[in-house]
S.K.: 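Following this message is one structure expressed as structure tokens.
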Amino acid sequence: MSFPLLTATAVLPAVGAIATAAVPAARRNAAKALALLFSLATLVLAIVVLVRFDPDGDRYQLTESHSWIADFGVRYELGVDGIAVALIALTALLIPFIILAGWHDADPLETGSKRWRPTQGFFALILAVEAMVIISFEATDVFLFYIFFEAMLIPMYFLIGGFGDRAHAHGEETASTQRSYAAVKFLLYNLAGGLIMLAAVIGLYVVAGNFSLTEIAEARANGTLDMATSTERWLFLGFFFAFAVKAPLWPLHTWLPNAMGESTAPVAVLITAVVDKVGTFAMLRFCLQLFPEASKWATPVVLVLAVISIIYGALLAVGQRDIKRLVAYASISHFGFIVLGIFAMTSQGQSGATLYMVNHGISTAALMLVAGFLISRRGSRLIADYGGVQKVAPVLAGTFLIGSLATLSLPGLAPFVSEFLVLVGTFSRYPALGIVATAGIVLAALYSLVLYQRTMTGPVRPAVAKMPDLRARELVVVTPLIVLLVFLGVYPKPLTEIVDPAVKQTLSDVHKKDPRPDVEAAK
């Protein structure tokens, strides 16, 4: 039997979570180091998966299949395509930086505080989320995917509710109440989506007789499994609703600003750069592959919701006074671009959407983590409490600027390539929606540059006059992310070569081809 590489990639962070949680309470630094070690080991395995994956080979590679619950047709089936490989690499890459950035976020609070912060638990929960996200990207059994799609909510609930930001203007008691509200709202929204999806998963089993993604998709393709039109549409809606909540897509987005605003900066990155990607990934893997006709039927409505997300999120980001909530609303706008690219049903759009998932993860991590370093120094999330930071902490201001420019998709930085492909793919089939979506680019420039101008430029405020610049640990976190933003912005070919074959197969699933250019109109 060959080495179960995919299983090892998911199990290693789970073992790390258990080991970290078992470290004695008095040895907090040992727990941090152990968590970091396991995250780096997981990154090594993810790189091995990336190297062993052949973009020109079979659709699903490194596959594993074992009987699990035989009476119900449930199997332990894993396999990765180019899209999954890219997102596994993103997840494994970001977790070590999240751990390093949150090195002191779970340290004991001041003497006399009523809150106890279990340091080991904080880092163990991060590793547990990593394990569940990775196996969600690997699962090719629908029931197996559903279990971990839902299970990841539990550690995220405790990370949001138990380890909130210390920079709160209204005192510890109010902060605790708001953290609890944000955590419960996150859980209820996602549980509601998951329960609806569970009904659809059961319905799929009734129709297909098993949960295997590959078997069901093959049966759909060769005509041996014929779903009634109404049945397929209801099942699609059940799956899509859960994924739209996780994504998040307007109007199911309202949990995200609360969750990101009340979390520490590393946990906010974990939410939007890692966990939320499971929703958009699942739209590509499950909605389009299992329900191709229903996906085409729902496309006009989904595209309109995506465009609303783009404009709505950007407009609310412009009006934000809280740094982290601004990044949260900007992420809602960016996820609108991702969904727009997926359902434009063109190779450029879907390639752009996949690249956007990766590049958004890197750019949001860079911006949010630097923002977290800034907030921890000043003790405030309010934009109005800053000014003149670039004069006292130029390296911090410079990295913040690069993160802001990546957020507005400046040419030369990685998100530009993704956004360009999404818009090109959308224009070729839905020009009117493409034109409206372009307004999101203008608004992104507005909220990103205004954020930088209000926090970093102008007179030096007394509260930031003695602000220290980035320290060595913080530079280790930020520098690789900035290097990646520049590298993938200038040379995205290594990533496009991995995802393009998978995108073409996805388009084939829904029986779509790229529209031919109108040569006569061009003349």
Side-chain angles (χ1 to χ4, degrees), residues 165 167 169 182 247-263 265 268-269 271-273 276 304-340 356 359-360 363-372 374-375 378 380-390 397 400-411 413 415-416 418-420 422-423 433-458 461:
D165 195 345
L249 185 68
W250 184 91
L252 306 172
H253 67 284
T254 59
W255 61 268
L256 182 66
N258 296 99
M260 289 183 66
E262 300 305 322
S263 300
V269 171
I271 294 170
T272 190
D276 287 353
V304 170
L305 294 179
V307 172
I308 292 174
S309 288
I310 292 169
I311 304 303
Y312 173 87
L315 285 173
L316 265 66
V318 170
Q320 287 304 305
R321 297 181 297 171
D322 182 307
I323 296 174
K324 291 202 293 185
R325 289 179 72 90
L326 185 151
V327 178
Y329 280 109
S331 291
I332 291 170
S333 180
H334 295 151
F335 275 104
F337 276 108
I338 295 172
V339 177
L340 182 69
Y356 217 132
N359 295 332
H360 171 263
S363 62
T364 299
L367 179 61
M368 179 59 86
L369 293 179
V370 176
L374 178 70
I375 292 167
R378 174 64 179 84
S380 173
R381 297 169 2 205
L382 298 179
I383 297 172
D385 289 340
Y386 296 88
V389 174
Q390 69 179 11
F400 192 84
L401 176 61
I402 294 173
S404 300
L405 294 176
T407 299
L408 64 85
S409 299
L410 182 77
L413 297 177
F416 170 76
S418 335
E419 203 163 274
F420 178 78
V422 167
L423 289 173
L433 292 176
I435 292 170
V436 177
T438 306
I441 301 175
V442 179
L443 294 171
L446 180 61
Y447 62 69
S448 298
L449 296 178
V450 168
L451 172 64
Y452 180 83
Q453 183 266 329
R454 291 180 178 175
T455 54
M456 300 295 160
T457 65
R461 287 183 172 269

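Basis for what follows: all heavy atoms, side chains included, without hydrogens, waters or symmetry-related copies.
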S.K.: Below 4.5 Å, heavy atoms only, C-beta onward: do Ser404 and Leu367 meet side chain to side chain?
M.R.: yes

S.K.: If you compare all heavy atoms of Ile311 against all heavy atoms of Val436, which two are closest, and at what distance to 0.1 Å?
M.R.: CD1-O, 3.5 Å

S.K.: Test Asn258 against Arg325 for side-chain contact (heavy atoms from CB on, under 4.5 Å), laying out the working first.
M.R.: CA-CA 8 Å; Asn258 296 99; Arg325 289 179 72 90; 3.9 Å; yes

S.K.: Give me each pair satisfying salt bridge (Lys or Arg N to Asp or Glu O under 4.0 Å) with a member in residues 313-322, each pair once, sequence neighbours excluded.
M.R.: Asp322-Arg381

S.K.: Any chance you could measure Ile375, atom CD1, to Leu382, atom CG, to the nearest 0.5 Å?
M.R.: 9.5 Å

S.K.: Please report the interatomic distance CG(Leu449) to OG1(Thr407), rounded to the nearest 0.5 Å.
M.R.: 10.0 Å

S.K.: Looking at Thr438 and Gly434, would you say the former's side chain and the latter's main chain have a donor-acceptor pair under 3.5 Å?
M.R.: yes

S.K.: Kindly determine whether Ile383 and Leu326 satisfy side-chain contact (heavy atoms from CB on, under 4.5 Å), including the steps that lead there.
M.R.: CA-CA 10 Å; Ile383 297 172; Leu326 185 151; 4.1 Å; yes

S.K.: Applying side-chain hydrogen bond (donor to acceptor under 3.5 Å, both in side chains) as the test, list every pair that has at least one member in residues 307-316; sequence neighbours left out.
M.R.: His253-Tyr312

S.K.: Report the distance from atom NE2 of His334 to atom CG of Asn359, rounding to the nearest 0.5 Å.
M.R.: 11.5 Å

S.K.: Work out which heavy atom in Phe416 is nearest to a heavy atom in Leu410; give both atom names and the distance.
M.R.: CB-O, 3.5 Å

S.K.: Should Asp276 and Leu256 be marked as a side-chain contact (heavy atoms from CB on, under 4.5 Å) after you check the CA-CA gap, both sets of side-chain angles, and the distance that decides it?
M.R.: CA-CA 10 Å; Asp276 287 353; Leu256 182 66; 3.6 Å; yes

S.K.: Kindly check if the number of other-residue, nucleotide or ligand heavy atoms within 6.0 Å of OH (Tyr452) is above 12?
M.R.: yes

S.K.: Treating Lys324 as the side-chain partner and Ser263 as the backbone partner, does any N or O pair qualify as donor plus acceptor under 3.5 Å?
M.R.: yes

S.K.: Quick one: does Val370's side chain get under 4.5 Å of Ile402's, heavy atoms only?
M.R.: no

S.K.: Arg378 side chain to Asp385 main-chain N or O, any donor-acceptor pair under 3.5 Å?
M.R.: yes

S.K.: If I take atom OG from residue Ser380 and atom OH from residue Tyr386, how far apart are they, to the nearest 0.5 angstrom?
M.R.: 5.0 Å

S.K.: Provide the closest heavy-atom pair for Tyr329 versus Ala317 in the form atom of the first, atom of the second, distance.
M.R.: CB-N, 3.8 Å

S.K.: Roughly how far, to the nearest 0.5 Å, is CG of Leu451 from CE of Met456?
M.R.: 7.5 Å

S.K.: Could you check whether any side-chain heavy atom of Ile271 comes within less than 4.5 Å of a side-chain heavy atom of Trp255, counting everything from C-beta outward?
M.R.: yes

S.K.: State, with a plain yes or no, whether a side-chain heavy atom of Phe400 is found less than 4.5 Å away from one of Val389.
M.R.: no

S.K.: Set out, in order, the CA-CA distance, both residues' side-chain angles and the distance that settles side-chain contact (heavy atoms from CB on, under 4.5 Å) for Glu419 and Ile441, then state yes or no.
M.R.: CA-CA 9 Å; Glu419 203 163 274; Ile441 301 175; 3.2 Å; yes

S.K.: The criterion is side-chain contact (heavy atoms from CB on, under 4.5 Å); which residues satisfy it with Thr364, sequence neighbours excluded?
M.R.: Thr272, Val327, Ser331, His360

S.K.: Any side-chain heavy-atom pair from Ile310 and Phe337 closer than 4.5 angstrom?
M.R.: yes

S.K.: Just so I know, are the side chains of Leu446 and Leu408 near enough to count as touching, which here means a heavy-atom distance under 4.5 Å?
M.R.: no

S.K.: Compute whether any side-chain donor of one residue and acceptor of the other, for Tyr447 and Gln320, lie under 3.5 angstrom apart.
M.R.: no

S.K.: Could you pull out the closest heavy-atom pair between Ala406 and Pro415, with the gap in Å?
M.R.: O-CG, 3.3 Å

